[in-house]
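Let me begin by presenting the structure, written as structure tokens, before commenting on it.
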Amino acid sequence: MRAFKAHLRGIPPYPYKKVEAPVKLDQNESPFDLPQALKAEALRRLALLPWNRYPEIHAEALRQRLAAQVGWPEEGIVLAPGSNLLILALAAAAEEVLDVSPSFPHYAHAARVTGTPYRALPLEAGEEGFALPLEALLSAFQGGVLFLPNPHAPTGALFPEEALWALAERAKEVGGLLVVDEAYREFSGTDLSLLGRGNPHVAFLRTFSKAFSLGGIRAGYLLAASEVAQVVREVLPPFVLPAHTGAILEVVLENPGYAEAVAAHVRAERERVYAELKGHPTWRPYRSYTNFLLVRTPDASEAYGHLLSQGILVRRQDRYPGLSGCIRVTIGLKEEMDAFLKAAFEVAYA
Ligand SMILES: *Cc1c(COP(=O)(O)O)cnc(C)c1O
């Protein structure tokens, strides 16, 4: 095959394999579907839309609403079917992608498929498990785009605000772009948007896939300086946000209250499961500010296999550097977490 660029030869597939199980705790999804009344209203609006017509080129009406709601200038907002697509566009535009390791695998994957130079610096050991290699990052950041999930995936850690301020300053100094991926912000209650006020070298990624319970709908957005947003818009195809996704988001943005209830449930269950797991003889949970817990076990394959035999699907994380023995469990319904805990403690006494 001589159709494609050489760097795409032998590219590894994105690390996800579908497995079926009654208790699905493997993809950091919300355990709750969108409230029925909102679904019904979204369907009603969908029926009224002209399906033969293209949607707005850059989702103007939605951006306007979002701008008012999040307090960010409309020209700096880009809506897309999933923040993963925004990551791909940013990686395609980037001179270089700088990452930490372990991290959200899509940053490396996006750099790889777009043929963008890529470097990752390993996280360090910190008081609560994982810490930013701040000094190394500050000197490695010479331009390009630095992706940083905060709260962090796949560890669940929340990085100190001072570190992010230092990276934001560094981004300005070298003319790079710090992209703070806030996919889990509703579960930590943090808002870092001040970092980006008056600093065009900071951008934020947000998603409707987690606390807003819309993983299946595919929607996320970028908050950035208008010149950054402009580049990302041009890298993406025009009319990229489908009319049906737009109609659903419109209803969600008019009724955002349910997401706070989702986040409150997740935070409470997360703290309960964390506290219980602290009493496990061999498993060690890491502090988390997300909707999942990273758990170090003596043997990830055994832990995963036993949980699955009990109908509970989690995600193995032991192939990531520094995460040997680790599994990741999404916070689900209370009954699901009870089933998880029961199975986890069975391993201990097997
Ligand atoms: C889940 C997640 C996202 C969400 O991506 P979408 O394409 O919006 O579903 C983005 N970043 C991180 C780090 C995530 O864990």
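Remember, it's 1-based here, ligands and their atoms both numbered in the order they're listed.
For the pair Arg287 and Tyr274, the distance from NZ or CZ to the six-membered ring centre is under 6.0 Å and the angle to the ring normal is within 45 degrees.
Leu132 has its side chain within reach of Leu167: a pair of non-hydrogen atoms, C-beta onward, lies under 4.5 Å apart.
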Show me a pair-per-line table, with atom names and distances to 0.1 Å, of protein N or O atoms that are under 3.5 Å from an N or O of ligand 1.
{"unit_1": "ligand 1", "atom_1": "5 (O)", "unit_2": "Ser83", "atom_2": "OG", "d": "3.1"}
{"unit_1": "ligand 1", "atom_1": "7 (O)", "unit_2": "Ser83", "atom_2": "N", "d": "3.1"}
{"unit_1": "ligand 1", "atom_1": "7 (O)", "unit_2": "Asn84", "atom_2": "N", "d": "2.9"}
{"unit_1": "ligand 1", "atom_1": "7 (O)", "unit_2": "Asn84", "atom_2": "ND2", "d": "3.2"}
{"unit_1": "ligand 1", "atom_1": "7 (O)", "unit_2": "Arg218", "atom_2": "NH2", "d": "2.7"}
{"unit_1": "ligand 1", "atom_1": "8 (O)", "unit_2": "Ser83", "atom_2": "N", "d": "2.7"}
{"unit_1": "ligand 1", "atom_1": "8 (O)", "unit_2": "Ser83", "atom_2": "OG", "d": "2.7"}
{"unit_1": "ligand 1", "atom_1": "8 (O)", "unit_2": "Thr207", "atom_2": "OG1", "d": "2.6"}
{"unit_1": "ligand 1", "atom_1": "9 (O)", "unit_2": "Ser209", "atom_2": "OG", "d": "2.6"}
{"unit_1": "ligand 1", "atom_1": "9 (O)", "unit_2": "Arg218", "atom_2": "NH1", "d": "2.8"}
{"unit_1": "ligand 1", "atom_1": "9 (O)", "unit_2": "Arg218", "atom_2": "NH2", "d": "3.4"}
{"unit_1": "ligand 1", "atom_1": "11 (N)", "unit_2": "Asp181", "atom_2": "OD1", "d": "3.3"}
{"unit_1": "ligand 1", "atom_1": "11 (N)", "unit_2": "Asp181", "atom_2": "OD2", "d": "2.6"}
{"unit_1": "ligand 1", "atom_1": "15 (O)", "unit_2": "Tyr184", "atom_2": "OH", "d": "2.6"}
{"unit_1": "ligand 1", "atom_1": "15 (O)", "unit_2": "Lys210", "atom_2": "NZ", "d": "3.1"}

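Evaluation of the ring-ring contact (aromatic ring centres under 6.0 Å, His included) test over residues 111-134, restricted to residues two or more places apart or in two chains, returns Phe130-Tyr286.
Put simply, the side chain of Arg119 gets close to the backbone of Ala140: a donor and an acceptor are under 3.5 Å apart. Arg270 contributes no side-chain N or O that, together with a main-chain N or O of Ile331, makes up a donor-acceptor pair within less than 3.5 Å.
For the 3.5 Å distance criterion, the side chains of Asp318 and Tyr304 fail to qualify, holding no donor opposite an acceptor.
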